[in-house]
Colleague: 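One structure follows; several queries about it will come next.
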Amino acid sequence: MNVLRALGSGASGLNAQQIKVDISANNLANINTPGFKKSSPDFFELVSQDLLNSGIPAAAGDNRLALGSGVHVAEVTRVYEQGNMIETGAPADLAIQGEGFFKVLLPDGEERYTRGGSFTLDPAGNIVTSAGYILEGIQLTPGSSKINVARDGTVSVVNHDETITVEGQIQLYQFTNAAGLQAAGEDLYSFNGPAAEVVAGDPGTGGFGIVRQGCLEKANVDLVEEMTNLIEAQRAYGFNTRIVRTADEMWSMANSLRK
Amino acid sequence: MIRGLYCAASGMDVQQAKAESISNNLANSATPGFKAENIQVQSFPEVLLVQQGGPKRQVGAMALDAPQEIGSAGMGALVTGVPIDHAPGVVQETGKATDMVLKGPGFFAVNAPAAGDPGRVCYTRNGAFKVDQEGYLAVGSGYRVLGQGGAIRVEDTGFNVAPDGTIEAGGAAVDKLRLVEFDDVNVLRKEAGGIFVDVEGTGGRQASLTTVGQGFLERSNVNVVDEMVGLVSVMRSYEANQRLIQAYDEQLAKTVNQVGSLR
């Protein structure tokens with residue numbers, strides 16, 4: 001005989017809803033982060049336990065007499081769907097319309113992928129993220145004034161004498177299995193699957209999206225959806241507190257059987 | 001001892017089982033494809049109480065003692081079933097390519113290996129799938145979703161699912177989801193992770209009434225209002241049984257301490 005199972009189920013529900021609120025909170029906190037991709041939790045029912053031998057009188061011989069024992073969060077999945085575009089007019093702001101990620105290099109040579117295209121130019125002629133990480137494959141001639149990024153990723157600059165020099169080509173990256181992507185903070189993702197699963201390509205070819213200069217991809221967080229999730233999570237949290245309280249009261253009654 | 005004491009105790013146990021099922025339902029009120037379970041309670045086999053002696057019965061010239069039936073008495077309650085409510089849940093649009101909903105009574109087939117049976121086929125209504133590390137379509141707990149030719153390799157989330165379950169990626173059909181319907185869903189037993197096991201091995205049949213929708217999820221079919229009302233009634237019933245036990249206890253105390261005491 002245990003009242004603990006109801007207590008445990010209630011507690012597991014509280015835990016799961018708390019994770020849901022945490023995820024919503026993170027999504028909402030990043031609603032203005034360019035290229036941010038929202039996450040959502042996957043809930044699963046916990047192990048079913050047989051009622052027989054649990055101290056509860058039950059009909060013997062029926063192997064379908066089992067009760068679940070709560071919920072757990074199997075994992076948190078990221079939703080990579082496209083965010084809306086906003087025009088910023090800043091020449092180094094780049095957005096990907098369609099599939100693909102930019103590759104940036106960390107100072108220690110590590111590779112990271114991002115869709116947050118809020119770049120700037122550093123004095124050495126690199127296109128860098130706000131944290132200073134260099135966009136792969138581009139080195140502009142220092143001092144060049146006007147930068148132009150075509151839809152196919154070709155980067156060119158307009159020289160002082162009005163001639164145009166092609167300075168490089170932005171490549172995009174896709175993954176045969178996006179499940180290998182892991183958030184690495186600062187709007188960046190690292191890929192920890194086999195290198196063979198990383199596919200590089202020019203924007204606008206072979207399933208890759210196009211690059212749009214002067215635009216930013218907004219977070220794909222849907223405010224209404226998140227608020228609905230919050231309300232739902234809060235209510236579900238409430239139900240589960242009721243369960244925990246009821247289990248506690250039942251236990252207290254059992255304790256006061258003998259006055 | 002007093003029979004009612006054990007009746008009331010079994011009542012408390014059964015109400016506890018009900019509380020456990022309600023708490024599990026409420027904890028899973030946001031789990032996709034979750035099917036609520038209820039506790040079915042029955043009284044123990046009733047016994048017929050017969051009074052020995054009683055009024056005389058005249059048979060010819062003889063007057064015989066006739067047993068007289070007083071009525072039946074219950075011997076407490078027990079759980080006789082945990083039926084699963086297979087009613088469909090509300091459908092919610094998610095827009096995720098890996099989310100699928102079943103319209104109709106069918107189930108997705110998944111490979112849920114068990115000890116000694118690595119090829120065990122189980123069933124689920126939870127269509128919150130993902131693409132696992134090796135590119136196979138899988139349920140969140142990691143079991144792979146089955147198509148006509150075994151596990152389905154889609155490689156990436158860029159695939160389309162037709163209403164009949166045909167999965168198409170990169171312009172070519174990859175496989176077709178194995179959808180299964182059961183004549184009697186009561187042969188299914190629940191396992192962790194929203195997985196149903198066909199305990200009687202009927203195997204089901206190829207779905208004919210079920211179609212698939214991509215980008216949607218089936219919500220849990222838990223009715224939270226019913227569950228909360230159920231919780232209140234469980235509490236009160238538990239309380240009433242507890243009071244009964246206390247009353248019997250007091251009665252026994254009187255018997256022990258007052259009956260036959262000489263003062």
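Below, each value reflects all heavy atoms present in this structure, side chains not excepted, and no hydrogens, waters or symmetry copies. What you see is a predicted model, and the numbers here were worked out from it, not measured in a lab.
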Colleague: How about A:E81: does its CD atom have over 12 heavy atoms from other parts shown lying under 6.0 Å from it?
Modeller: yes
Colleague: So, taking the atom named CE in B:M235 and the one named CD in A:E249, what distance separates them when rounded to the nearest 0.5 Å?
Modeller: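 The CE atom of B:M235 sits 3.5 Å away from the CD atom of A:E249.
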Colleague: Is there a side chain to side chain contact (heavy atoms under 4.5 Å, CB included) between B:M12 and A:L257? Walk through the geometry before answering.
Modeller: CA-CA 11 Å; B:M12 281 180 83; A:L257 269 175; 4.1 Å; yes
Colleague: Using heavy-atom distances under 4.5 Å, tell me whether A:Y80 contacts chain B through its side chain, its backbone, both, or neither.
Modeller: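 No part of A:Y80 comes within 4.5 Å of chain B.
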Colleague: Which bit of B:A77 is near chain A, if near means a heavy-atom gap under 4.5 Å: side chain, backbone, both or neither?
Modeller: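 For B:A77, the contact with chain A is made by the backbone alone.
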Colleague: With a 4.5 angstrom heavy-atom cut-off, which part of B:E227 approaches chain A: side chain, backbone, both or neither?
Modeller: neither
Colleague: Examine whether an atom of A:S12 lies under 4.5 Å from a heavy atom of chain B, and if so say whether it belongs to the side chain, the backbone or both; otherwise answer neither.
Modeller: side chain
Colleague: Under 4.5 Å from any heavy atom of chain B, what part of A:Q17 do you find: side chain, backbone, both or neither?
Modeller: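 Contact with chain B is through the side chain of A:Q17 alone.
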Colleague: Identify which part of B:E239 has an atom lying under 4.5 Å from any heavy atom of chain A, answering side chain, backbone, both or neither.
Modeller: both
Colleague: Given the rule in the side chain to side chain contact (heavy atoms under 4.5 Å, CB included) test, do A:T77 and B:K96 qualify, once you have shown the distances and angles that lead to the verdict?
Modeller: CA-CA 11 Å; A:T77 52; B:K96 278 162 80 173; 3.0 Å; yes
Colleague: Would you say CZ of A:R235 has more than 12 non-hydrogen atoms from neighbouring residues, nucleotides or ligands within 6.0 angstrom?
Modeller: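 Not more than 12 within 6.0 Å, no.
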Colleague: Quick check: does any side chain N or O of B:E37 sit under 3.5 Å from a backbone N or O of A:G68, one acting as donor and the other as acceptor?
Modeller: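 A pair under 3.5 Å: yes.
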Colleague: So which heavy atom on B:G140 is nearest to which on A:E75, and how close?
Modeller: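 Smallest interatomic distance, heavy atoms only, reads O-OE2, 4.0 Å.
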Colleague: Could you tell me which portion of B:M228 (side chain, backbone, both or neither) has an atom closer than 4.5 angstrom to a non-hydrogen atom of chain A?
Modeller: side chain
Colleague: Do B:S29 and A:E232 get their side chains close enough for a donor-acceptor pair, meaning under 3.5 Å?
Modeller: no
Colleague: Determine yes or no for a side-chain-to-main-chain donor-acceptor pair under 3.5 angstrom, with B:Q242 supplying the side chain and A:M253 the backbone.
Modeller: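 Checking the backbone N and O of A:M253 against the side chain of B:Q242, a donor-acceptor pair under 3.5 Å is found.
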Colleague: For B:V232, is it the side chain, the backbone, both, or neither that has a heavy atom closer than 4.5 Å to a heavy atom of chain A?
Modeller: side chain
Colleague: In Å and rounded to the nearest 0.5 Å, what is the CD to CG distance from A:E45 to B:N28?
Modeller: 5.0 Å
Colleague: Would you say B:E191 has more than 12 foreign heavy atoms packed within less than 6.0 Å of its CD?
Modeller: yes
Colleague: Against chain A, work out which of B:A30, B:A19, B:G33 has the most heavy-atom pairs shorter than 4.5 Å and name it.
Modeller: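 Ranked by heavy-atom pairs under 4.5 Å with chain A, first place is B:A30.
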Colleague: Looking at CD1 of B:I195 and CZ of A:F44, how far apart are the two atoms once the value is rounded to the nearest 0.5 Å?
Modeller: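 Taking CD1 in B:I195 and CZ in A:F44, the distance rounds to 8.0 Å.
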Colleague: Shortest non-hydrogen contact from B:S23 to A:S9?
Modeller: OG-CB, 3.5 Å
Colleague: Less than 4.5 Å to any heavy atom of chain B: does that hold for the side chain of A:S40, its backbone, both, or neither?
Modeller: side chain
Colleague: Name the region of B:K190, side chain, backbone, both or neither, that has any atom closer than 4.5 Å to a heavy atom of chain A.
Modeller: both
Colleague: Under 6.0 Å from the CG atom of A:N84, do we count more than 12 heavy atoms belonging to anything else shown?
Modeller: no
Colleague: Any sub-3.5 Å donor-acceptor pair from B:N24's side-chain atoms to A:G70's backbone N or O?
Modeller: yes
Colleague: Which one, B:Q15, B:Q40, B:R219, B:E250, leads in non-hydrogen pairs under 4.5 Å with chain A?
Modeller: B:R219
Colleague: If every non-hydrogen atom of A:L67 is compared with every non-hydrogen atom of B:S21, which pair is closest and at what distance?
Modeller: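 Heavy-atom minimum between the residues: CD2-CB, 3.4 Å.
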Colleague: Heavy-atom pairs under 4.5 Å with chain A are the metric here; pick the option from B:L78, B:I39, B:V14 that has the most.
Modeller: B:L78
Colleague: Can you tell me how far the CD1 atom of A:I243 sits from the CG atom of B:L231, to the nearest 0.5 Å?
Modeller: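 If I round to the nearest 0.5 Å, the distance is 4.5 Å.
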Colleague: Would you please name every residue forming a side chain to side chain contact (heavy atoms under 4.5 Å, CB included) with A:V244, sequence neighbours left out?
Modeller: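 Side chain to side chain contact (heavy atoms under 4.5 Å, CB included) list for A:V244, sorted by chain: A:L7, A:L14.
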Colleague: Identify which of B:N126, B:V154, B:V234, B:T31 forms the greatest number of heavy-atom pairs closer than 4.5 Å to chain A.
Modeller: B:T31
Colleague: Tabulate, in ascending numerical order, the residues of residues 221-230 of chain A having at least one heavy atom closer than 4.5 Å to a heavy atom of chain B, or enter 'none'.
Modeller: none
Colleague: To the nearest 0.5 angstrom, please state how far the CG atom of B:L26 sits from the OG1 atom of A:T246.
Modeller: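 One finds 9.5 Å between CG of B:L26 and OG1 of A:T246.
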Colleague: Between B:D132 and chain A, which part of the residue has a heavy atom less than 4.5 Å away: side chain, backbone, both or neither?
Modeller: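 The backbone, not the side chain.
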